[in-house]
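By convention in this document, chain letters (A, B, ...) are assigned in the order of the sequence lines, proteins followed by strands, and residues within each chain are numbered from 1. The structure displayed is predicted, hence computed values, not measured ones.
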There are 2 protein chains.
Amino acid sequence: MEVWKEFEHNIITHSAAHHLMAIAELLNKYGYARVTDVARHLGITRGSASITLKALKERRLVVEDENKFLLLSEEGKNLVQAIQSKRRVLIKFFQDVLGVNPELAEIDACKVEHLISHQTGEKLLAFIKFLFSDEKKAREFLRAFHESSLDCGGSESCPYCMDACLLRPESS
Amino acid sequence: MEVWKEFEHNIITHSAAHHLMAIAELLNKYGYARVTDVARHLGITRGSASITLKALKERRLVVEDENKFLLLSEEGKNLVQAIQSKRRVLIKFFQDVLGVNPELAEIDACKVEHLISHQTGEKLLAFIKFLFSDEKKAREFLRAFHESSLDCGGSESCPYCMDACLLRPESS
DNA sequence: AACAGATGTTTGGCTATTAAAACAAGAGCA
DNA sequence: TGCTCTTGTTTTAATAGCCAAACATCTGTT
C-alpha cells in the first residue's frame, strides 16, 4: 500500500544523475565542463541543461567557478562515485554472470543504477567478488551454471524463455 | 551518448504499472475493480486515478464493462504477469541470495521490476533456478557464499561496505 | 566601433503525475 | 420529492523533464 510510492523518494532522479555524471566525465576528459558541454554530451538543448543544472547548483551538488565553469561538490562527487560503482557491478553481473548481451546489460544497468539501494549495491558487489574469487566452489559453480544455461538467447525453444512465470513482456 | 535516454522509452511507467497491478489484485481479491478502488488501493485521489486509467484505456491495456467496472485486456494481463514475475525473481534474489533485508529487498524490487528487460528477467530466473536446484555445486556454492559474507549489515567494520568502489551513497 | 558567433538564461508549450476542488449522475432514504 | 452519499470526471495548479525560440552577454574579428 505504500512501497510503490518509494519510487519518487529517491536521492536523485535519472536525469539529474546523468547531468552529474556528464560533468564528471567531461572534467575527466577535457578538464572542464560548461552548460553547453553537458547539453551536448547528453544530447539535450542548452536550455534544458541550464535549468536542470541550476537546480543541482541549488542542491549544492554542482558548483560554478567565476567563469561559469562547472564543478562537482564533494557531495556531488560521492554521488557520482556511488552510482558509477553500482553501474559497473550491475553490468558485470548482467553480462558476465547472467550472460545478458552487452548492449542490453548496459541499458538495464543504466536504468536501475540510480535506483538500487546502497545495501543492495554493496551486497551485489560482495556476491560478485566471491563469485569471481579463487574460491574453488565459486569457480566450479559458475562453470556449471554457464554450461547448463547453454546460451539460448531468448529463443522459442528455450525452456526458461517459455516459462509461464515470465510471459513475453517486451512484446506488449 | 544515447543509452541514458532509454529510461524514458519504457513500455510502461512505474505509475501505470502499479495502476494495472492494482486492478489485477483487486479483481483477484474482490472480483471487481472500480476507479475508486484503484485510487484507494494506491493511496491517491480518485481524480488522479481517473486520469491515469483513462490513458490506460486509450492504450487498450484496461477495458471497462457497461457499468464502468474495470478489467484488464489480454495485453494488460500479460504485462502484469511479466512485471509480477520479475518482481518475485528480484525479491528472491535480493533477499535469499544477496541477503538484503526483506523491506529493502521489496522496495528495490518495486523500483526496478518494470525497468529491467525481458531477457535480463529471464536470465535472472534461470540463474536462481539453478542456484536453488539440487545441483551439488550450486548448493555448496550458496552455502560457502553465505558463510563468507557474515551478514555485516552495512556496518563500518565490514570490508565490503568500506570498499572504495562503493562510497557510502545514501548518505548524500 | 560594428557585426558575427558562441554561450547561458528565460519563456511558453508539451507530457506525465500528483492533489484539491468543483461538478455531474446515480442510489438510498425520509 | 428532496436530501445526502458515493462515484466518476473535469479543472486548476504543482513539479519535473524536455524542446524551440527569443533574449542577453561576451568575445573575436574586421
Side-chain angles (χ1 to χ4, degrees), chain A residues 1-23 26 30-59 61-71 79 110-111 114-115, chain B residues 1-23 26 30-59 61-71 79 110-111 114-115:
Chain A
M1 224 293 219
E2 250 103 52
V3 172
W4 82 283
K5 285 197 174 179
E6 293 285 326
F7 193 71
E8 292 147 51
H9 306 329
N10 289 308
I11 355 153
I12 195 142
T13 64
H14 179 73
S15 172
H18 281 274
H19 279 70
L20 294 184
M21 291 194 290
I23 295 175
L26 290 165
Y30 303 108
Y32 62 87
R34 295 162 305 170
V35 173
T36 302
D37 304 316
V38 171
R40 194 168 33 230
H41 188 84
L42 296 177
I44 59 176
T45 63
R46 281 175 295 147
S48 299
S50 178
I51 290 166
T52 304
L53 289 166
K54 194 171 103 181
L56 290 173
K57 283 178 222 159
E58 278 157 14
R59 279 185 63 187
L61 294 171
V62 170
V63 286
E64 211 178 60
D65 74 7
E66 318 81 55
N67 303 310
K68 287 194 158 285
F69 281 63
L70 304 167
L71 297 169
L79 203 43
C110 178
K111 284 184 183 176
H114 67 295
L115 291 173
Chain B
M1 225 295 220
E2 250 104 53
V3 173
W4 82 282
K5 285 199 177 178
E6 292 286 326
F7 193 71
E8 291 147 55
H9 306 328
N10 289 309
I11 356 153
I12 194 140
T13 64
H14 179 73
S15 172
H18 282 273
H19 279 69
L20 294 184
M21 291 194 290
I23 295 175
L26 290 164
Y30 303 108
Y32 61 87
R34 296 162 306 171
V35 173
T36 302
D37 305 316
V38 171
R40 193 168 35 231
H41 189 85
L42 295 177
I44 60 176
T45 63
R46 281 174 295 146
S48 298
S50 178
I51 291 166
T52 304
L53 289 166
K54 195 170 104 180
L56 291 173
K57 283 178 221 158
E58 279 158 14
R59 279 185 62 186
L61 294 172
V62 170
V63 286
E64 213 179 58
D65 74 6
E66 319 81 53
N67 303 310
K68 287 194 159 284
F69 280 65
L70 304 166
L71 296 169
L79 202 43
C110 177
K111 285 183 182 175
H114 66 295
L115 292 173

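- Whole-Å rounding puts the B/Arg34 CZ to D/dT9 P distance at 12 Å.
- Using a 4.5 Å heavy-atom threshold, the side chains of B/Leu20 and B/Ile12 count as touching.
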Reading nucleotides 19-28 of chain C from 5' to 3' and marking B where a protein heavy atom lies under 4.0 Å of the base, S where only the sugar-phosphate is that close, and - otherwise, the string is B---------
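- With rounding to whole Å, A/Asn67 atom CG is found 15 Å from C/dA6 atom C1'.
- With sequence neighbours excluded, the residues forming a side chain to side chain contact (heavy atoms under 4.5 Å, CB included) with B/Arg46 are B/Thr36, B/Ala39, listed by chain and number.
- We find that NZ of A/Lys54 is positioned 16 Å from C1' of C/dT7, with the value rounded to whole Å.
- A/Asp37 and A/Arg40 make their closest contact through OD1-NH2, 2.9 Å (heavy atoms, listed as atom of the first residue, atom of the second, distance).
- Using a 4.5 Å cut-off on side-chain heavy atoms (C-beta onward), B/Lys111 and A/Asn10 make contact.
- What separates CZ of A/Arg59 from P of D/dT15 is a distance of 15 Å, to the nearest Å.
- Here the closest heavy-atom approach between residue A/Val38 and residue A/His19 is recorded as CG1-CD2, 4.0 Å.
- Distance A/Leu53 CG to C/dT7 P: 15 Å, rounded to the nearest Å.
- With rounding to whole Å, A/Phe7 atom CZ is found 15 Å from C/dA16 atom P.
- Atom pair A/Ile12:CD1 and D/dG17:C1' shows a separation of 14 Å (rounding to whole Å applied).
- Listed in residue order, the members of residues 14-23 of chain A having a heavy atom less than 4.0 Å from DNA chain D are A/Ser15, A/His19.
- Phosphate contact (OP1/OP2 of D/dT25, side-chain N/O of A/Lys68, threshold under 4.0 Å): absent.
- Relative ring orientation between B/His14 and A/Trp4 is described as parallel, the plane-to-plane angle staying below 30° on a 0-90° scale split at 30° and 60°.
- Here the side chain of A/Thr36 is nearest to one of C/dT9, C/dT7, C/dT18, namely C/dT7.
- With a 4.5 Å cut-off on side-chain heavy atoms, A/Lys5 and B/Ile44 count as touching.
- In this structure, A/Leu115 and B/Leu115 have side chains that are in contact, with non-hydrogen atoms separated by less than 4.5 Å.
- When the C1' atoms of four end pairs are superposed on the next four at each end of the helix from C/dA1-D/dT30 to C/dA30-D/dT1, using five pairs per end, the two resulting axes differ in direction by 30°, to 10°.
- Nearest-nucleotide mapping onto DNA chain D: of B/Glu8 and B/Phe69, the residue sitting toward the 5' end is B/Phe69.
- Residue B/Leu26 holds its CG atom at 11.5 Å from CZ of B/Phe69, rounded to the nearest 0.5 Å.
- Between A/Thr52 and D/dG17, a side-chain N or O to OP1/OP2 separation shorter than 4.0 Å is absent.
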Please tabulate, for the side chains in residues 47-58 of chain B, all donor-acceptor contacts under 3.5 angstrom to protein atoms that are two or more places apart in sequence or on a different chain.
residue, atom, partner, partner atom, Å
B/Ser48, OG, B/Thr45, OG1, 3.0
B/Thr52, OG1, B/Ser48, O, 3.2
B/Lys57, NZ, B/Glu64, OE2, 2.7

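- Annotation: side chain to side chain donor-acceptor pair (under 3.5 Å) contacts of B/His18 (sequence neighbours excluded): B/Glu113.
- Atom-to-atom, CG of A/Leu42 to P of D/dG17 comes out at 12 Å; the value is rounded to the nearest Å.
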**Request:** I would like to know whether A/His41 and A/Tyr30 meet ring pair (Phe, Tyr, Trp, His ring centres under 6.0 Å); could you show each step before the answer?
**Result:** CA-CA 12 Å; A/His41 188 84; A/Tyr30 303 108; 8.6 Å; no
